[in-house]
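Predicted, not measured: the structure shown is a model, and the values here were computed from it. Hydrogens, waters and symmetry mates are skipped; everything else that's a heavy atom, side chains included, is used. Order of the sequence lines sets the chain letters (A, B, ...), proteins ahead of strands, with each chain counted from 1.
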Protein chains: 4
Amino acid sequence: MPRAVRERQMMDAAVQTFGQRGYRAASMDEIADLAGVSKPLVYLYLSSKEELFTACIRRESEALIAAVQAGVEPGLPADRQLWAGLGAFFTHTAENPDGWAVLHRQARTHGEPFAAEVSVLREEIVAFVTGLIGAAAREAHQGSELADRDMAGLAQALVGAAESLAGWANETGGVSAKEAAGTLMNFAWMGLGDLMNGERWNPR
Amino acid sequence: MPRAVRERQMMDAAVQTFGQRGYRAASMDEIADLAGVSKPLVYLYLSSKEELFTACIRRESEALIAAVQAGVEPGLPADRQLWAGLGAFFTHTAENPDGWAVLHRQARTHGEPFAAEVSVLREEIVAFVTGLIGAAAREAHQGSELADRDMAGLAQALVGAAESLAGWANETGGVSAKEAAGTLMNFAWMGLGDLMNGERWNPR
Amino acid sequence: MPRAVRERQMMDAAVQTFGQRGYRAASMDEIADLAGVSKPLVYLYLSSKEELFTACIRRESEALIAAVQAGVEPGLPADRQLWAGLGAFFTHTAENPDGWAVLHRQARTHGEPFAAEVSVLREEIVAFVTGLIGAAAREAHQGSELADRDMAGLAQALVGAAESLAGWANETGGVSAKEAAGTLMNFAWMGLGDLMNGERWNPR
Amino acid sequence: MPRAVRERQMMDAAVQTFGQRGYRAASMDEIADLAGVSKPLVYLYLSSKEELFTACIRRESEALIAAVQAGVEPGLPADRQLWAGLGAFFTHTAENPDGWAVLHRQARTHGEPFAAEVSVLREEIVAFVTGLIGAAAREAHQGSELADRDMAGLAQALVGAAESLAGWANETGGVSAKEAAGTLMNFAWMGLGDLMNGERWNPR
DNA sequence: TATGAATGAGGATTCATTCAT
DNA sequence: AATGAATGAATCCTCATTCAT
C-alpha cells in the first residue's frame with residue numbers, strides 16, 4: 001500500500017485517539033492498532049509521538065481554517081460574513097468532533113510545544129474576527145471609537161463563545177450548526193439588552 | 001501535624017501540579033515531594049490519584065462558586081448582578097490560575113469521571129446565568145419571547161466567552177479582572193451592533 | 001534490606017553482566033534478575049543504564065588503584081616497586097576478571113563518556129609508572145637522557161604489555177599472577193636483547 | 001554495478017560504522033545508508049549482521065597480516081625483522097584506524113564468535129613474533145634457556161605493548177609510526193634497565 | 001502519625017530481518 | 001541487480017500502588 005495512503009490512515013487514527021483519550025493517555029499501540037498497522041511503521045512514517053501529535057494539530061488546524069474561509073464570501077457586509085463564518089465553523093466542528101477536541105482541548109492542555117502550535121491557529125482566527133469587527137465599525141462610521149485592544153478583547157470573547165458553543169452543541173446532540181450559529185450571532189450582534197427587548201438579528 | 005493541615009498541603013500541591021502538568025503527566029511522586037510528605041501518606045489520606053484529582057476538582061469548584069456568589073448582591077437588577085458576578089469570576093480565576101487550569105483545562109480533558117465532576121460546576125454556573133437572563137427578561141416584560149433552550153444557549157455562550165477571556169487575561173498580563181469584566185459586559189449586554197454605533201453599557 | 005546492601009548487590013550484578021556481555025548487550029532486566037531485585041529498584045537507586053555503567057567503572061577503577069597502591073612499598077628502589085606493583089596488578093585483575101573486563105574492554109569501547117572515565121584511571125597508572133621510570137633513571141644517574149615524552153611512551157608500552165598479559169593470563173588459566181609479573185618484569189627491565197644472552201632480572 | 005564493487009562499498013561502510021560505534025550500536029540502517037544502498041541489498045550480499053561483522057574482521061585481519069608480512073624481509077637478523085615488522089604494523093594501524101578499532105576493540109568485546117575470529121589473527125602474529133624471538137635466541141646461541149611458554153608470554157607482552165602504543169599514537173596525533181616503532185623497539189630489545197644506563201638499540 | 005523499601009504493569013522507541021515486486 | 005513496504009521482538013524507563021515497620 002502506498003505511503004501517502006498509509007500515512008493518512010495513521011493520522012486519522014491518531015486524531016481519533018488523541019481527541020478521545022488525550023495526548024498522554026493515548027498509546028502508540030492503540031493508534032497503530034486502530035490504523036491497522038504495526039507500531040514500527042508509525043514510527044517510520046511519523047517519527048515520534050510528539051511529532052505525530054504536532055502533525056495532527058497542523059492538519060486539523062488547516063482543515064478548520066480552510067472550512068471557515070470556504071464558508072465566507074469576502075464581498076458581503078461584516079455581519080453577514082461573521083454569520084457565514086460562524087456557520088461554517090459550527091458545521092466543521094460538528095463534523096469533526098475528534099479533530100476539534102484535539103485542537104480545542106488536547107493541544108492546549110499538554111505543554112508548550114503543542115499549545116504554541118494551536119496558538120497560531122487561534123490567532124489567525126482572532127485576527128480574522130478582529131478584522132471583521134473593524135470592518136463593521138467602519139461601515140457604521142464609528143470606527144474611531146473602538147480601540148485595537150478593545151477589538152482584540154471582543155474577538156477573544158466571541159471566539160471563546162463560539163468554542164464553548166461548539167463543545168455544547170457537540171455534547172448535547174440536539175443543537176444543529178445553524179441553530180448554534182444563530183444563537184451566537186444574535187448574542188454577539190444584538191447583545192442581551194436588545195434581545196431582552198425582543199429585538200433580533202436576521203440574515204437579510 | 002494534624003490531619004486537616006496535612007491534607008490541605010497535599011491538595012495545594014496537587015492542584016498546582018495537576019494544573020501545570022495535567023492529570024496524566026503529574027506524578028504522585030512530584031505531588032508528594034511538593035507537599036513535603038512521603039508518598040504513602042498521600043495514599044493514606046487521599047486513597048488514589050483518581051480520588052485526589054476528583055477532590056481537587058471539587059475543592060476548586062466550590063471555591064469558585066463561593067467566590068462568584070460572594071460577589072453578587074441578590075437584590076440588584078440583573079445586569080448589575082451579572083456585572084458583579086463577572087468581576088468576581090475574573091478576580092478569582094486570576095488569583096487561582098492553577099485551580100482554574102484544573103477546572104477549565106485538565107478536568108474536561110481527561111475522561112468521563114472528571115468531566116462529569118466539572119460539568120456539575122458548569123451547570124451550576126450556567127443555571128445561575130440562565131436565571132439572571134430570565135430575570136432580566138422578566139424585568140423587560142418580554143420574557144415570553146425567550147425559550148428556555150435559547151437562554152441555555154446564551155448562557156453557554158456567555159460562560160464560554162468568560163472562560164476564554166479569563167485565559168486571555170491570565171496570559172497577556174496587561175488586562176485586569178475589571179477590564180475583562182467591562183469588555184465582556186459590554187459585549188454581552190450591548191452586542192457588537194450597538195457597540196459599533198458607539199453605545200456602551202455602564203454600571204449605573 | 002538496607003539500601004547500601006542492595007546497592008552493592010546491584011553493582012556486583014552489573015559489573016558481572018557488563019563485563020561479560022558488554023554495555024549494549026547487557027540488559028537492565030538481566031542485571032536486575034541477577035541482583036535478585038526488580039528493575040524499578042535498580043532505576044530508583046542508580047538512575048539509568050548510563051549512570052550504572054559509570055558507577056561500575058568508577059568503583060572498579062578505585063578498587064584497582066587501591067590494590068596496586070596497597071601492593072607497593074614507597075621506600076624501595078624503583079625496580080622493586082615496579083615488581084610489586086605488577087604483582088598486585090596481576091593478582092587483582094585475576095581475582096576480578098569481570099571488573100577488569102569492564103575497565104579494559106567495555107568502557108573503552110562504548111563511546112566518549114565512558115572512555116573518558118577510564119582514561120582518568122589509565123592516566124593515573126601511566127603517571128605512576130612514568131614516575132617510577134623517572135626514579136629509576138635518577139637512581140642510575142642518567143635521568144637527563146630520557147625526555148618526558150619518551151618516558152610517557154615507555155609507560156604506555158609497559159602498561160599495554162601488562163594489560164595484554166593480564167588478559168592472556170586470565171584466558172589461559174595456567175599462568176599465575178606471579179609468573180605473569182615475572183615474565184613482564186624480565187621483559188621490561190632486561191629487554192629481549194639481554195634475555196637472549198641469558199641475563200635475568202631477579203627480585204633481590 | 002557489479003557485485004564485487006558493491007560488496008566492497010558495503011564492507012567499507014561496515015568497517016567504518018562498526019569501528020566507530022561498536023557492534024551493537026551500529027545499525028544496519030546506518031551501514032546501508034553510508035554504503036549508498038538499500039538494506040535488502042546488504043542482506044542479499046552479506047546475509048546477516050553477524051556475518052557482515054565476521055567478514056569485516058576477516059578482511060581487516062588479512063589486510064593487517066599482509067601489511068606486516070610485506071614490511072618484513074625474511075633474510076635479515078631477528079632484531080631487524082622485528083623492527084621492520086613493528087614499523088609496518090604501526091603504519092598500517094595508523095592508516096586504517098577504523099579497521100584497527102574493529103580488530104582491537106570491537107571484535108574482542110562482543111562475545112565468543114567474534115573474539116574467536118580475532119584470536120586467529122592474534123595467534124598468527126604472536127606465532128610470528130615468537131618465531132622471531134626464537135630465531136634471535138638461536139642467533140645468540142642461548143636459545144635453550146628460553147622455554148616455549150616463556151617465549152609465548154614475551155610475545156604476548158610485546159604484542160600488547162604494540163597494540164597499546166598503536167592506540168596511543170593514534171589518539172595523540174603527534175607520534176609517528178616510526179617514532180612509535182623506535183620507542184617500542186628500544187623498550188623491547190634493550191629493556192628499561194639498559195635504557196636507564198644510556199644504552200640504545202639502533203637499526204644498524 | 002509517618003516512611004523506607006519494593007514492584008507489576010505498561011509505554012515509547014529501535015532494530016534486525018523479510019517479502020513482493 | 002535492486003528496493004519500498006512492513007513487522008516481531010526486545011530494550012530502556014516510569015508510575016501508581018503496597019507492605020512492613
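- Nearest-nucleotide positions on DNA chain F place L44(D) closer to the 5' end than the other of Y45(A) and L44(D).
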note = Applying the Watson-Crick and G-U criteria (both distances under 3.5 angstrom) with [ ] for crossing and | for other-strand pairs, one obtains for DNA chain E .||||||||||||||||||||

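- Close approach of DNA chain F to chain A, defined as any atom under 4.0 Å from a non-hydrogen atom of the protein, starts and stops at dA5(F) to dG8(F).
- We find the CD-OG distance between E124(D) and S61(D) to be 8.5 Å, quoted to the nearest 0.5 Å.
- Evaluation of atom-type donor-acceptor distances gives a pair under 3.5 Å for the side chain of K39(A) against the base of dT13(E).
- For the pair R3(D) and Y45(D), the cation-pi test (distance below 6.0 Å, angle within 45°) is passed.
- Comparing S48(C) and P40(B) by the nucleotide of DNA chain F whose heavy atom lies nearest to each, the residue mapping closer to the 5' end is S48(C).
- Put simply, the side chain of R6(C) reaches to within 4.5 Å of the side chain of L41(C), judged on heavy atoms.
- A heavy-atom distance below 4.5 Å is found between the side chains of M28(B) and Y43(B).
- Residues S47(A) and L52(A) are not in side-chain contact: their nearest non-hydrogen atoms beyond the backbone lie 4.5 Å or more apart.
- Residues from residues 2-30 of chain A placing a heavy atom under 4.0 Å of any atom in DNA chain E, listed by number, are A26(A), S27(A), M28(A).
- Side chain of R105(C) to main chain of R108(D): a donor-acceptor pair is present (N/O by atom type, distance under 3.5 Å, no hydrogens or angles).
- By the 4.5 Å heavy-atom criterion applied to side chains, L34(C) and Q9(C) are not counted as neighbours.
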ask   = side-chain contact (heavy atoms from CB on, under 4.5 Å) between D12(D) and Q16(D): does it pass, once the steps are laid out?
value = CA-CA 6 Å; D12(D) 289 345; Q16(D) 181 177 336; over 6 Å; no

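- Checking side-chain atoms of K49(B) against main-chain N and O of Y23(B) turns up a donor-acceptor pair under 3.5 Å.
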